[in-house]
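Written out below as C-alpha cells is the structure these notes cover.
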Amino acid sequence: MRSYTGKLIRINLSNHQSHIEDIPEQWMKDFLGGRGLAVRYLYGELGAGVEPLAPDNKLLFMMGPLGATTVQAVSRMAVVTKSPLTGCIAKSIVGGNFGAFLKFAGFDGIIIEGEAEKPTYIHIDREGVHFIDADEIWGLDTEKTQTRLRQRHGASTQIACIGPAGEKLVRYAVIISSERRCAGRTGIGAVMGAKKLKAIAVNSAGPLKVYDPEQFKGLVKKQIEGLRTSPGRIQMTDFGTAYLTLGYEKMGTFPVKNFQEGHLEGVENLSEKELAKLKVKNDGCYGCMTKCGQVRKVTEGPYAGASSEGPDYETIWAIGGNLGITDITYLIAADSLCDRLGMDTISTGGSVGFACELFQRGVINKKETDGLELTWGNHADIIKLIEKIGRREGLGKLLGEGTKRAAAQIGKGAETYAMQVKGLEFPAYEPRAIKGYGLIFATANIGASHMYGRPGDELSGKVDRFADQGKGASIARVQIGQAVTDSVVQCAFGAATGFSPEARAELLVAATGFKEFGDPAYLNKIGERILCLERSFNVREGFNRKDDTLPARMLTEPLQNAGPSTGQVVRLDTLLDELYDTLGYTREGIPSIEKLNSLGLEWVVPDIKKFVK
Ligand code: SF4
C-alpha cells in the first residue's frame, strides 16, 4: 500500500465523458507528483502552438505523494496548464482542503479536457463524476459559489471554483479553493473559464494508507514536536508573511510606484503589528498546524465590514505599497474583492500600477479611465478600477489582458511601463536590489514569479546581493529545489514544514515504499528533470534567451530612493551564461541534447534538436 492512489480521473467537458486511469509507476519515480507529474502529462499530450483558451488546452490538478497524510504542510495541490498570459507552461500551487479530499476520493489528480457547451460544474462523489448545469451559479463570486454548492451537496463538500474574472477570461484569473485559498499567477482561472467550468466539487472521506505505518508515524511525530516550539513557525502563525514588509522596505527591495523607486512614505502603517490589530482568527490548509492565514476584519471607516484571509506580504505590496497606499482597511477590502472576483492580486496590482504610471505621465487621462483619478495612493478610485478589471468594464477590459498585451494596444511607448517578464507581472521584489531575484525572474519558465526559487543566501545577507556574477549555480540550485518542493507538493514556507531534505526523503520512503526517494541526490535529479522539461515546453513554443530578460527599467535605470540599494541596475549577461552552463543549456537557453539524454528525457529530443545550434 502506497500513499499514492496511483489513479487519476480524466474528464472531457465536450462530450461529458470521464474515465479513471492508472498513473505509470515509473512516472511517479521520475517526476514525484504535483507539478512534476502534471508537467509530464501536459508536455506529452499538448502539441506545440495550442491556443491557451481553446478547447485543446488541458487543465491539470495534481497532488503529491505525501498529500492527505498526517505529515504537516504537504497537502497542497499543483495546477498546471498552458498560460493565457504568457503562452508558456503555467504552474500554480494552491492550499486549502480540496486536494486532500480529492485524494480521499481515490485520485492523485484530474485532467480536464475540451470545453463545455454551456456553463457546467463537476461533482465527484462515490458514484463517480457528474456533469451539472451551472446556470444558477454562473456570474456569482467565489464566496457565493462555494456557499451555494455546499448548500446543495453538504457542508463537508470541498470546492475549487472561479469567479466573474475567470468567466470573463481575465488573463490573470485564479482558481479559489476552500473559501479563500488561491491558485494564483499565470491565469489558470481563465483556462477554466474558457472551458465554461465554474467549479469542481468533491465529497469523500479519508483516511489514506501509507507503505510503512510505524516508521511513518514516528517521523511525523518528530516533525510535529519540532514545529510546536519552532520560533519561525510561531511567527508565521502569529503574523503570516506580513512581518516581511518593513525589513524589505528598509533594504530597498520593496518596489514603489511601479518600480520607480524603493521607499514608501508611511510604510510603518503596513507593519504586521498594525495588521494584527484587525485579526479575527487563523485559517489555513489541510494538515497544517501553522495555519498562516490571517483572517482580518475592518470594523470602521469606509471599508467597515470587509474581511479577508490576508493580505499576505505579496498582496500588501501589489495592491497596496506599490500603488503608494498604506491604508490597511482599504487593503483588506481590496484583497477580499480580488478573491471574490477570482483575480491574482499580484498581476492585478501590476496592471493597476502600470495604469497609474501611464496616468502620471499623461499617456492616458480621465477620458480613458472613465473619470477615475489614478494618482498614487488614491485608493477610493483604485478599488473601483480593480472591480472594473474583474468585470471587464471600461479600462478594466483592456487591463484584464495583462500589462504586456495592454501596452501593445495602447502604444505611445506604454511598454516601457509594463513591469513583466514573458507577460507575467512582477512580484514584490526589486531585482536591482537582489540580483539573484533578477536572474530568477528573467529565467523562470512561467515568467516573473517569486514561486520559482528564492535567493535565500542573498536575502539573509550571506551573499553580496548586489553582485552581478557568481550566482548562476546557486540560482540553478534554488530553482531545482523549488521544482522538488512543488512536486512533493509541500508548502514553500520552510517554517511550516520544518523538515530537512534528509527527513523529507525518509518520509517519502516510509509513505511510498520507493527506496529511490531516500536519496536527496535522486530527488534533486527529479527537480532538474522537471525544470528541463518545462524549459523544453517553452522552447517548443519558440522561447529562448531573448525572452529571458527584464524590463529595460531594471537593466538601464539606476534604482532611485531605495536606501542601500539606490543606484543599482541589473547586468544579466554573465548571470545568464552561468545559469545556462550549470543547467546544461546552450548559451541560447536551450537544453542540450546531452542534458536531455542524461535526465532520461530522450523522448523530448526530436522536438528540441531543431532549436539547438
Ligand atoms: S503555512 Fe500556510 S500556506 Fe503553508 S501549508 Fe500551512 S496554512 Fe498552508
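Sorted by first and then second residue, the salt bridge (Lys or Arg N to Asp or Glu O under 4.0 Å) pairs with a member in residues 60-73 form an empty list; sequence neighbours excluded. For residues 40-59, the set of pairs meeting the ring-ring contact (aromatic ring centres under 6.0 Å, His included) definition, not counting sequence neighbours, comprises Trp27-Tyr41, Tyr43-Trp603. The stretch residues 147-193 participates, sequence neighbours left out, in these ring-ring contact (aromatic ring centres under 6.0 Å, His included) pairs: Tyr121-His153, His123-His153. Legend: salt bridge (Lys or Arg N to Asp or Glu O under 4.0 Å) pairs involving residues 89-102, not counting sequence neighbours, sorted by first then second residue: Lys91-Asp486.
Taking the ring pair (Phe, Tyr, Trp, His ring centres under 6.0 Å) definition, one finds that His16 meets it with Phe131, sequence neighbours left out. Every residue two or more places apart in sequence or in another chain that forms a side chain to side chain donor-acceptor pair (under 3.5 Å) with Asp135 is listed here: Lys118. By the side-chain contact (heavy atoms from CB on, under 4.5 Å) test, Glu136 pairs with Arg148, Arg152, sequence neighbours left out. Shown here are the side chain to side chain donor-acceptor pair (under 3.5 Å) partners of Asp56, two or more places apart in sequence or in another chain: there are none. In terms of the salt bridge (charged side-chain N to carboxylate O under 4.0 Å, His left out) criterion, Lys525 has no residue partners (sequence neighbours excluded). With sequence neighbours left out, Phe104 forms a ring pair (Phe, Tyr, Trp, His ring centres under 6.0 Å) with Phe101, Tyr286. Take Glu25 and apply the side chain to side chain donor-acceptor pair (under 3.5 Å) test, not counting sequence neighbours, and it matches no residue. Annotation: side chain to side chain donor-acceptor pair (under 3.5 Å) contacts of Glu516 (sequence neighbours excluded): Lys29.
Under 3.5 Å, the side chains of Thr443 and Gln479 contain a donor-acceptor pair of N or O atoms.
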Inset, instruction - Apply side chain to side chain donor-acceptor pair (under 3.5 Å) to the pair Ser536 and Arg540, showing each step before the final yes or no. - result: CA-CA 6 Å; Ser536 300; Arg540 204 172 53 163; over 6 Å; no

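One finds no salt bridge joining Glu21 and Lys7 here, because no Lys/Arg side-chain nitrogen approaches an Asp/Glu carboxylate oxygen to under 4.0 Å. Taking the charged nitrogens against the carboxylate oxygens, Lys198 and Asp133 have no contact shorter than 4.0 Å, which rules out a salt bridge. With respect to the salt-bridge test (charged N to carboxylate O, under 4.0 angstrom), the residues Glu45 and Arg10 qualify.
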